[in-house]
Amino acid sequence: RILGTGPGGDLLYELRAKHAEEQLDGSIEFTDVRFDYSPEMDVPWTVNADSATILPIRQRVQLRGHVRARSSQGFSDSDTEIRTDYLELDPERYIAETEERVQIRIGTRSLTATGMLASLNDSRLELKSNVSGKFVP
């Protein structure tokens with residue numbers, strides 16, 4: 001279990017994993033990962049992945065393999081799920097980003113795209129290319 005703190009020292013997130021191992025370059029590799037923002041941050045997202053790496057300098061979390069981000073209060077205040085094979089989180093800025101293919105479900109709507117930039121704290125989503133979707137009234 002890793003606890004990440006923000007610039008003021010307050011608890012920002014918790015990363016739980018089945019296994020963690022520090023690498024020679026100072027990064028930490030994790031397997032069977034769950035990432036949650038602290039309840040005080042009011043960012044109701046949970047991210048699961050097969051593996052993750054926390055880089056020592058940039059403090060970004062790189063998630064790989066069956067990445068699934070979920071929120072019951074996501075975009076448009078609807079149940080939201082994002083699926084991809086790779087997702088990079090910037091916990092302090094609440095940014096999730098990928099250049100990979102993503103599948104997004106927002107309520108009854110579903111979208112696919114290549115590349116995404118999501119602001120998890122203010123519910124903004126930018127899809128980068130090859131966007132297609134299904135909208136049910």
Q) Looking only at atom types and distance, does a side-chain atom of Ser71 sit under 3.5 Å from a main-chain N or O of Pro44, one as donor and one as acceptor? A) yes

Q. Run the side-chain hydrogen bond (donor to acceptor under 3.5 Å, both in side chains) check on Ser132 and Thr112 step by step: do they pass?
A. CA-CA 5 Å; Ser132 65; Thr112 59; 2.8 Å; yes

Q. Which residue pairs satisfy the salt bridge (Lys or Arg N to Asp or Glu O under 4.0 Å) criterion with at least one member in residues 18-28, sequence neighbours excluded?
A. none

Q. About how many Å separate CG of Leu87 and CZ of Phe35, when rounded to the nearest 0.5 Å?
A. 10.0 Å

(Q) Just so I know, are the side chains of Asn121 and Trp45 near enough to count as touching, which here means a heavy-atom distance under 4.5 Å? (A) no

Q: Enter the distance from Arg60:CZ to Leu55:CG here, rounded to the nearest 0.5 Å.
A: 9.0 Å

Q. Do Leu89 and Leu63 have side-chain heavy atoms sitting under 4.5 Å apart?
A. yes

Q) His66 and Asp85: which non-hydrogen atoms are nearest, and at how many Å? A) N-OD1, 4.0 Å

Q: Determine, stepwise, if the pair Tyr37 / Tyr94 fulfils side chain to side chain contact (heavy atoms under 4.5 Å, CB included).
A: CA-CA 9 Å; Tyr37 275 103; Tyr94 310 103; 3.5 Å; yes

Q) Quick one: are Asp50 and Val33 in side-chain contact, heavy atoms under 4.5 Å? A) no

Q. Do the side chains of Leu111 and Val102 join up, straight or via other hydrophobic residues, at under 4.5 Å, putting them in one cluster?
A. yes

Q. What are the two closest non-hydrogen atoms of Thr84 and Glu100, and how far apart are they?
A. OG1-CB, 3.7 Å

Q: Carefully, step by step, assess Met116 and Leu125 under the rule side chain to side chain contact (heavy atoms under 4.5 Å, CB included).
A: CA-CA 7 Å; Met116 174 203 74; Leu125 178 67; 3.5 Å; yes

(Q) Holding to salt bridge (Lys or Arg N to Asp or Glu O under 4.0 Å), I want the full list of residues that pass it with Glu92, two or more places apart in sequence or in another chain. (A) none

Q) Going hydrophobic residue to hydrophobic residue with side-chain gaps under 4.5 angstrom, can you get from Ile95 over to Val47? A) no

(Q) Between Glu29 and Arg64 (salt bridge meaning N to carboxylate O under 4.0 Å), is one present in this structure? (A) yes

Q: Please report the C-alpha distance between Val43 and Tyr13 in whole Å, then the side-chain angles of each, then the deciding distance to 0.1 Å, and finally whether the side chain to side chain contact (heavy atoms under 4.5 Å, CB included) criterion is met.
A: CA-CA 10 Å; Val43 181; Tyr13 66 87; over 6 Å; no

Q. In chain order, what residues pass the side chain to side chain contact (heavy atoms under 4.5 Å, CB included) check against Glu81, with sequence neighbours excluded?
A. Arg68, Arg70, Arg83, Arg105

(Q) One thing to verify: whether Lys128 and Glu97 come together as a salt bridge, which I'm taking to mean a side-chain N less than 4.0 angstrom from a carboxylate O. (A) yes

Q) Hey, does Leu127 have a side-chain heavy atom less than 4.5 Å from the side chain of Ile104? A) yes

Q: Taking the side chain as every heavy atom from C-beta outward, state whether Phe30 and His19 have any atom pair closer than 4.5 Å.
A: no

Q. Measuring from Thr5:OG1 to Leu11:CG, what's the distance to the nearest 0.5 Å?
A. 8.0 Å

Q) Within a strict 4.5 Å, meaning less than it, do heavy atoms of the Ile54 and Val61 side chains meet? A) yes

Q: Would you indicate whether Asp122, at its atom CG, is surrounded by more than 12 heavy atoms from other residues, nucleotides or ligands within a distance under 6.0 Å?
A: yes

(Q) So does Ile106 get a backbone contact from the side chain of Thr80, meaning a donor-acceptor N/O pair under 3.5 Å? (A) no

(Q) I need the Leu15 CG to Ile2 CD1 distance, nearest 0.5 Å. (A) 7.0 Å

**Q.** Pair Arg16 + Asp32, salt bridge at N-O below 4.0 Å
**A.** no

Q. When rounded to the nearest 0.5 angstrom, what is the spacing between OG in Ser129 and CD in Glu99?
A. 8.0 Å

(Q) Working to the nearest 0.5 angstrom, can you tell me the gap between Asp36 CG and Leu12 CG? (A) 11.5 Å

